[in-house]
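Along the sequence shown, residues are numbered consecutively beginning with 1. Everything numeric here is computed off the predicted structure, so don't read it as measured data.
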Amino acid sequence: MNFPLDERLLPLIADPAAEQRGFDRWLEIADELTNADLAESMRSLLGDLKAKTLLSRIFGNSPFLSHCSSAEPAFLLRLLDVGPDAAFAELCDELAGQCDAETDMARLMAALRIAKRRTALLVALADIAGTWPLERVTETLADFAEAACRHAVRFLLRREARKGEFTLPHPEDPERDSGLVVLGMGKFGARELNYSSDIDLIVFYDHERLNYTGRRSLPECMIALTKDLVKILDERTVNGYVFRTDLRLRPDPGSTPVAISLLAAESYYEGFGQNWERAAMIKARQVAGDCEVGGAFLKFLRPFIWRKSLDFAAIQDIHSIKRQINAHKGGHSIAVAGHNIKLGRGGIREIEFFAQTQQLIWGGRQPEMRCCRTLDALHALAELGHTDPQVVAELEEAYRFLRQLEHRLQMVDDKQTQTLPDSPPRLAELSAFMGFAEVEAFSAALTRRLQTVEAHYAKLFEDSPELVTHGNLVFTGGENDPDTVRTLKEMGFSTAEAVCATIRGWHHGRIRATRSTRARELLTELTPALLGAMSNTVAPDDAFMRFNDFLSRLPAGVPLFSLFYSNPSLLELVAEIMGNAPRLAEHLARHTTVLDAVVTSAFFEPPPGRAELQADLERALAEADDFQEVLDVTRRWANDHKFQVGVQTLRNLLGPDQAARAFSDIGDSILAALIPKVEEEFARAHGTVPGGGWCILAMGKMGGHEMTATSDMDLILVYDAPEDAEESDGPRPLAVSTWFARLTQRIVNALTAKTAEGTLYDVDMRLRPSGNSGPIASSFTSFERYQRESAWTWEHMALTRARVVTGDAELGAKVESVIRDTLTRERNADRLVMDVAEMRERMAREHRADSHWEVKHLRGGLVDIEFTAQYLQLRHGREHPSMLCHNTRDALEAANAAGILSGGDLDTLVAAWRLWSAVQVVLRQTIAGKFDEKTAPRGLRDVLVQAAGLTDFKTLVDRMDDCAAQSLEVFERIVGQPGRDVRERIGPDA
């Protein structure tokens, strides 16, 4: 015998009597043979000690393998002579020769079944002898299954062509360009079939490739062909079967035919594909049919399978399947007798899910995770740092042990089972087949591995929330449950009857988010935690009302409910937003995907600075395929980061000045990363202006790094070009001024256009030279001339906040020089103070504040403080250029440092500025419209108090009145009264 054999790995003999019967039967068959040479070879084999040792393990452990040996003595002798690798290659070549010319389905079926029996014997011997590792065993089983599918498909295609159903483009190679695609799924697709596995198939066809000429319809033809494919593989005959075949992984198997057109399949996966189907498609592989069409379809599926955002719905869906298995298949505790080593706790399925769920999380962004095989996926998890290498090593060792046990269990009688025997004698026989002399030793070895798997699995997936913590919460039936109403009242819901009725409506599928069974199942588990989180807000009924509005807008509930299920703290945060921040609640209703960002570890860390933000956005934009996607990516990115700042402000993790700076950095980063993309897109048609350049000036709150959640962008675009430049150099050239004007309009459109992802910012360009009557883009020459000759005092005040955000660095420096020269020019002190005072009076008349919550126009509010700072900059900037700061607070502190503003006045103005900024930042991101302290949620009032650094709401109101009065007094003393005095002395027209 030349068959490689490692006697250290051989199993023990479970049944010596069966072993003897096997040898007796072997000799009986030899005696009955008419082929004298074969008979002699059979008898001689028993004289080979190694051969007899190997056969004793077959006869003494497996009735099925004993039968195969008796049925295939010639093949067994050849196998033992040449070894499994050569024997399998010969088997495949012989099978191909038989099938390629076969025209009779019965003979084809017989050939496949005989080849399967031989493959089963070959693989078993290679496993038992320790010749092949697990990978080679499972790959060989899968390779034979693929060969069987291909032979069956080729036979059926040739048959249908002969019948005139369609024409094959390549009769000598019927699969090529046939338009028929057969996908192998599950373990078959991953080339890790178990010894007695069924095979999961999905059959698709491309109606554009198949030129149907028959009398039926193409769908009918493909359905009939698929049924015959199953018959060829699955039907039991006198020669057995090839593979049990399952077609239930196809799209919506309850209502779709067994063969599906690719057009219908693509439509299904794009619009209705479920998360469990995504998980299943990880292992999808074409096993027969048209390779070109199949490859294109698998490429089409990639975005469906591999999503770039964290997908907790997929985790929860798979985990729910596991929980159902525990409930219906046993496995609640680890006991060896009767344990299901696939579905039970600590079993093969848990190892597969350990890898698969994390593949769904990381595979969208890390292609290295897109492995079909379980062990490859585990190794990728370790290599990429997602799982401890020691954990992977332990899981791999357990997986190899369990898969070998699964194979030995199935080799006994060729049964597709993973359940260990309950009877002690049968368990002892299996222990011996695994190489253990004692059942106790086998049980200990198995239990240790099952417990290892269970422990690692539990850390990932078994943090299930308690369903009931507050009292009776039942939302079934047609009427409110009295005990549930009582519980809700005790939790703080004053409208308990309405809350109860609304939740019952959710469970009855009255909104889109809860129309699926899965959504309602998740909601059942989440509702107690959701209500508990809302009860912790200061306005539970308001929180519930807003959450109901939020839920009613969702197209589906499963993704969100799964996210909550995996992240209980996120549920608390959403409840807080619903109860305390109406504007953020509205934003959530429109952009639920921002919740994905909340579960990342960095979400509650201080917001990154501009450089890091810009780099992050540029990385995101680099993956955009076209300009429309550039706009969508920018909006998604902005929504995520604005929401982060908003939530951190709500949680009092950011001070008002920090929040304002963070919002401004977001805006800066968008301009710096997006505008070059706009110019690039614009240049495709119109080229660029040779030697020309542009820069963007930020004005107003953006220029001063004082943006809020709702701030618009005050922008000016300044350009410069050589005097001899007449037009751009593109396919459709434009005059220089027209080119820059059109570019500016494109920039405005890119920032303001509403896409499916919403809008970015409103843009205000009225601060450009000559305002709305001037050109939308200003040449450097005209900008410089206007500031020198034509600008009004209020325009120079606005210029104190102007800063270059992005664009040509050389031009930007020239523009900043003009701004500095303008702000430091010599001025008429009387005219200046009179102009500033008059402007403030005019604004006070036009924008009268109705309450002290309108902190911008309130007398003593933000405008008065800003006017004070800007007046001082224009008045004293020539002598003290260090005062030329963009930010209001920085300007005031610089004035104090220069000896222009007293320490007391600085403290007064900065204290008021901080208070008004805190109030404005909170209100702008929490509510739309005016703030009414009488109807505002108590939680929002508490947030305002915390942001102001005070103790209670009344103290906040009193402090606002004091700050307004004190701030106004400073403004009046420095600007207001001196301005009026000048006007009375010299007259308004002087």
Side-chain angles (χ1 to χ4, degrees), residues 58 62-80 82 84-100 102 104-128 132 136-156 182 184-201 228-247 285 287-288 406-417:
I58 293 174
S62 170
F64 169 68
L65 292 177
S66 299
H67 166 73
C68 291
S69 301
S70 300
E72 298 286 350
F75 176 76
L76 178 56
L77 288 168
R78 179 64 179 167
L79 170 62
L80 295 177
V82 301
D85 295 285
F88 185 66
E90 291 176 1
L91 182 153
C92 292
D93 291 342
E94 181 182 348
L95 180 64
Q98 290 177 288
C99 295
D100 282 349
E102 188 58 73
D104 181 81
M105 193 160 86
R107 288 196 296 268
L108 176 81
M109 291 170 66
L112 290 173
R113 280 153 179 75
I114 291 169
K116 168 60 187 302
R117 183 170 65 214
R118 293 173 177 175
T119 300
L121 182 59
L122 180 153
V123 169
L125 262 66
D127 178 74
I128 290 169
W132 281 354
R136 187 73 173 95
V137 169
T138 58
E139 287 170 1
T140 301
L141 291 167
D143 288 347
F144 177 76
E146 180 175 345
C149 287
R150 286 195 177 278
H151 289 313
V153 165
R154 292 165 69 87
F155 170 86
L156 292 169
V182 181
M185 306 293 289
K187 286 186 169 61
F188 183 20
R191 296 182 74 219
E192 52 186 10
L193 277 182
N194 59 55
Y195 187 77
S196 187
S197 179
D198 60 2
I199 57 173
D200 295 295
L201 301 178
D228 279 346
L229 172 62
V230 173
K231 179 179 180 180
I232 290 171
L233 298 173
D234 193 280
E235 186 176 274
R236 285 187 177 272
T237 70
V238 291
N239 293 304
Y241 67 100
V242 188
F243 287 98
R244 290 172 291 269
T245 305
D246 194 335
L247 299 171
R285 176 174 64 95
V287 295
E406 177 186 40
H407 290 170
R408 299 289 167 88
L409 181 62
Q410 294 175 350
M411 285 176 191
V412 174
D413 291 311
D414 188 31
K415 289 182 178 178
Q416 188 188 11
T417 181

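With a 4.5 Å cut-off on side-chain heavy atoms, Arg118 and Glu94 count as touching. Using a 4.5 Å heavy-atom threshold, the side chains of Cys149 and Ile199 count as touching. Within the 4.5 Å cutoff, no side-chain heavy atoms of Lys187 are placed close to those of Thr138. No side-chain heavy atom of Phe243 sits under 4.5 Å from any side-chain heavy atom of Leu141. Here the side chains of Asp127 and Arg408 are in contact, with some heavy-atom distance below 4.5 Å. Val242 is not listed as a side-chain neighbour of Glu235, based on a closest heavy-atom distance of 4.5 Å or more. Counting only heavy atoms from C-beta outward, the side chains of Phe75 and Leu91 approach each other to under 4.5 Å. At a threshold of 4.5 Å between non-hydrogen side-chain atoms, the residues Leu201 and Val230 do not count as touching.
Judged by distance alone, with hydrogens and angles left aside, the side-chain atoms of Arg117 form no donor-acceptor pair with the main-chain N or O of Cys68 at under 3.5 Å. Side-chain atoms of Asp234 come within 3.5 Å of backbone atoms of Thr245 as a donor-acceptor pair (strictly under, hydrogens ignored). A donor-acceptor pair under 3.5 Å links the side-chain atoms of Arg113 to the main chain of Gly240, judged by distance alone. A distance-only check finds no donor-acceptor pair linking the side chain of Asp413 to the backbone of Lys415 [under 3.5 Å]. In terms of modelled atom types and a separation under 3.5 Å, the side chain of Gln410 and the main chain of Thr417 share a donor-acceptor contact.
For the atom pair CG of Asp228 and CE of Met105, the computed distance is 4.5 Å after rounding to the nearest 0.5 Å. Distance CG/Asp93 to CD/Gln98: 11.5 Å, rounded to 0.5 Å. Expressed to the nearest 0.5 Å, how far CZ of Arg191 lies from CG of Asp143 amounts to 4.0 Å. Rounded to the nearest 0.5 angstrom, Glu146 CD and Arg285 CZ are separated by 4.5 Å. The distance from the NE2 atom of His151 to the CD atom of Glu102 is 12.0 Å, given to the nearest 0.5 Å. Interatomic distance, CG of Leu156 versus CG of Leu229, reported as 6.0 Å (0.5 Å rounding).
Considering all non-hydrogen atoms of both residues, Leu112 and Ala148 come closest at CD2-CA, 4.0 Å. Leu108 and Cys99 make their closest contact through CD1-SG, 3.5 Å (heavy atoms, listed as atom of the first residue, atom of the second, distance). Scanning both residues, Ser66 and Ile58, for their nearest heavy atoms gives OG-O, 3.5 Å. The nearest pair of heavy atoms linking Leu65 to Ser62 is N-OG, 2.9 Å. Taking each heavy atom of Ala87 and Leu79 in turn, the nearest pair found is CB-CD1, 3.6 Å.
When only modelled atom types and interatomic distance are considered, Arg244 and Ser196 share a side-chain donor-acceptor pair under 3.5 Å.
Between Phe64 and Tyr195, the ring-plane angle classifies as perpendicular under the 30° and 60° cut-offs.
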- Message: Run the side-chain contact (heavy atoms from CB on, under 4.5 Å) test on His407 and Val123 for me, step by step, so that the C-alpha distance in whole Å, both residues' side-chain angles and the decisive distance to 0.1 Å come before the verdict.
- Response: CA-CA 10 Å; His407 290 170; Val123 169; over 6 Å; no
- Worked check of side-chain contact (heavy atoms from CB on, under 4.5 Å) between Val137 and Trp132: CA-CA 6 Å; Val137 169; Trp132 281 354; 4.0 Å; yes
- Message: Does Glu72 form a side-chain contact (heavy atoms from CB on, under 4.5 Å) with Ile114? I'd like the steps, not just the answer.
- Response: CA-CA 9 Å; Glu72 298 286 350; Ile114 291 169; 3.6 Å; yes
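Under the 6.0 Å distance and 45° angle rule, Lys116 counts as a cation-pi partner of Tyr241.
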